[in-house]
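Chain letters run A, B, ... following the sequence lines, proteins first and then strands; every chain starts at 1.
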Amino acid sequence: ARSTNTFNYAIYHTLDEIYEFMDMLVAENPQLVSKLQIGNTYEGRPIYVLKFSTGGNKRPAIWIDTGIHSREWVTQASGTWFAKKITEDYGQDPKITAILSNMDIFLEIVTNPDGFAFTHSTNRLWRKTRSRTAGSSCIGVDPNRNWDAAFGMPGASGNPCTETYRGKYANSETEVKSIVDFVKDHGNIKGFISIHSYSQLLLYPYGYTNTPNPDQQELDQLAKEAVTALSSLHGTKYTYGSIYTTIYQASGNTIDWTYSQGIKYSYTFELRDTGRYGFLLPASQIIPTAQETWLALVTIMDHVKNHPY
Amino acid sequence: LENFVGHQVLRISAADEAQVQKVKELEDLEHLQLDFWRGPAQPGSSIDVRVPFPSIQAVKVFLEAHAISYSIMIEDVQSLLDEEQEQMFAFQGR
């Protein structure tokens, strides 16, 4: 593609193609979009975040990431679509315009670049990072069990050969540590949305305990509104609730950590697919998935803007 | 490239807490190389697991021996992967 207008959002792309897309988007929208490098992966690839900002310094911000589990290709594809959508809607759509007039949006389209490249070259169903564990022949850590939130408690594995291996210690994965450092350094992130795929859920903390979080009532109500907006487009059925009560116990996960950092509006999505395709959702479903998810994202972002804390 | 010929994805329905625990036992059997797409949680919620071909018999025998119901959600993972590849090649050509 020669521009983000001719980029094909309805197919799956490699890491290089997505990185080229980011550069095009920045070049086409220099007043709105910039690209930040927040770190490097275990294998040395750059980790990029797109920043959408209309000015100001460390404004309240919303973080969105896609693809921390590399095989969940519809998330990276949706993230690419979201990036374009933000640039299209700014100045056109009142809600997005108002959000960007008050806040910044950070979007990390490929949160696990090593794993993503591995899914394109070697093992399509790879989920983890590609880091090595001393003393084990098994490779990789589940980056959604590696955060410093009840790290090592039930709901993650200490066995490097399992899919939910938590790693040796919290933040052992550079892909996780890079986000941790960025979020702490920024200090003004008010909403954090981590996007996964498979099983159609919208979840909030906690994952490590079935104790309700202190903001449960508000987060639950907002989740309900977001899911209602999402379902209004194609009728996709979503379930919502806390990670622990809705899906299963998961310690060391992303949004438990962000919530513990004081980011009240911490959510994680599981996008389309009730299981028929697993992580091989047909490319024809990318755009419908992104479109419906966008409605939920706007609902959450709009609420974050309207409820400063 | 890793080959997924004959891998199946099973959707397991654990009826009670005892059956959930049994599936958790399965999760701990490392040699089976199971890939839980949706892990065991509470009774009534479905569990999805990709089972490599060499482990299929052992897993099904285990489930049936404990009267845990399951269905085959994806018959052959590789055929889905092949479809995805074909689709990607077709789009590249276009």
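Only the side chain of A/I11 comes within contact range of chain B, judged by heavy atoms closer than 4.5 Å. Of the two parts of A/S199, the backbone and the side chain both hold a non-hydrogen atom closer than 4.5 Å to a non-hydrogen atom of chain B. For a residue to count as touching a neighbouring chain, one of its non-hydrogen atoms must lie under 4.5 Å from one of that chain's; by this rule A/W73 touches chain B with the side chain only. The part of A/Y198 that comes within reach of chain B is its side chain, from C-beta onward, which places non-hydrogen atoms under 4.5 angstrom from that chain. Contact annotation for A/Q249: neither backbone nor side-chain heavy atoms come within less than 4.5 Å of a heavy atom of chain B. For chain B, no part of A/T164 is nearby; none of its heavy atoms comes within less than 4.5 Å. There is no contact between A/S157 and chain B, counting heavy-atom distances below 4.5 Å.
Residues passing the salt bridge (Lys or Arg N to Asp or Glu O under 4.0 Å) test with A/D23, sequence neighbours excluded: A/K35.
Comparing A/T122, A/I247, A/N8 by how many heavy-atom pairs each has under 4.5 Å with chain B, the most go to A/T122.
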Side-chain atoms of residues 54-64 of chain B: list all donor-acceptor pairs with protein atoms under 3.5 Å, sequence neighbours left out, distances to 0.1 Å.
unit_1	atom_1	unit_2	atom_2	d
B/S55	OG	B/L32	O	2.8
B/K60	NZ	B/Q8	OE1	3.0
B/E64	OE2	B/Y70	OH	2.5

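Atom CE of B/M88 and atom OG1 of A/T14 lie 8.0 Å apart (nearest 0.5 Å).
Residues B/W37 and A/F279 are in side-chain contact: their nearest non-hydrogen atoms beyond the backbone lie under 4.5 Å apart.
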